[in-house]
Amino acid sequence: MTLYSTLHPRTKALIDAARRNNAKLKMPVSGRYLLINASISNDRIAGADPEDLLVPGLYKAFVPDDLSIGLAARCAFEAFNCVVPISNLDTIELAVWDPDSDAVIEIDFETEIDSMELGNRCLGFEQYAVTSYSINPRPYPMERLFP
């Protein structure tokens, strides 16, 4: 079973739209899009910080092609951590996956590399869609990622 097959139909429609849009984009730099699904499971909502209820959604990170797939996933993960404030890390569940192959990507935490440096290699980051338990959709401008 893939992550995609377990998602809500509206979330699937958003991912399909992202795939179509990615195929049309002409980017001046070489990279690939990875999606980050941030969610809160039902058993964690009661104890969640109110700010954390704004986090769930689908995020899109544009990462350099020269990174291995595991480091590319970590690049997206680090960019997410730099941009999206989370009060209680145990509340939010994150999954990074490649929308083209519909594969969940194992994040490479084994390779020793500076997390901030890797996060700064992310070429773009945005909240792509709001999903369940998100009350107020808000964009995360690049200025917060690259001051």
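Just so it is clear, the values below take in all heavy atoms, side chains as well, and ignore hydrogens, waters and symmetry mates.
The distance from the CD1 atom of Ile69 to the CG atom of Asp98 is 5.5 Å, given to the nearest 0.5 Å. Interatomic distance, CG of Leu118 versus CZ of Phe77, reported as 11.0 Å (0.5 Å rounding). If you take CG on Leu35 and OH on Tyr59, they are separated by 12.5 Å, rounding to the nearest 0.5 Å. Atom CG of residue Asp100 and atom CG of residue Leu34 lie 9.0 Å apart, to the nearest 0.5 angstrom. Rounded to the nearest 0.5 angstrom, Asn81 CG and Leu94 CG are separated by 7.0 Å. In this structure, CD1 on Ile107 lies 11.0 Å from SG on Cys75, to the nearest 0.5 angstrom.
For the pair Ile40/Ile92, a side-chain contact is recorded, criterion being any heavy-atom separation below 4.5 Å from C-beta on. Side-chain contact between Asp49 and Thr91 is absent, with no heavy atoms from C-beta onward closer than 4.5 Å.
Minimum heavy-atom separation, Pro85 to Val83: CD-O, 3.4 Å. The shortest heavy-atom contact between Ile105 and Ala73 is CG2-CB, 3.4 Å. Among all heavy-atom pairs drawn from Ala72 and Leu67, the shortest one is N-CB, 3.9 Å.
Under the 30°/60° scheme for interplanar angles, the aromatic rings of Phe80 and Phe125 are found to stand perpendicular.
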Taking it one step at a time, do Gln127 and Leu54 satisfy side chain to side chain contact (heavy atoms under 4.5 Å, CB included)? CA-CA 11 Å; Gln127 184 173 11; Leu54 300 174; over 6 Å; no
Any chance you could lay out the side chain to side chain contact (heavy atoms under 4.5 Å, CB included) test for Arg32 and Val63, step after step, and finish with the verdict? CA-CA 6 Å; Arg32 61 180 168 242; Val63 297; 3.9 Å; yes
Before you tell me yes or no, could you show the steps for Ile113 and Asp108 under side chain to side chain contact (heavy atoms under 4.5 Å, CB included), namely the whole-Å CA-CA distance, both residues' side-chain angles and the distance that decides it to 0.1 Å? CA-CA 10 Å; Ile113 189 168; Asp108 179 0; over 6 Å; no
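Shown here is Glu106, whose CD atom has no more than 12 heavy atoms of other residues, nucleotides or ligands within 6.0 Å.
In summary, Glu78 and Arg74 engage in a salt bridge, as defined by a charged side-chain N under 4.0 Å from a carboxylate O.
Side-chain N or O atoms of Asn37 include none that pairs as donor or acceptor with a backbone N or O of Ala95 at under 3.5 Å. At least one donor-acceptor pair closer than 3.5 Å links the side chain of Asp52 to the backbone N or O of Asn88.
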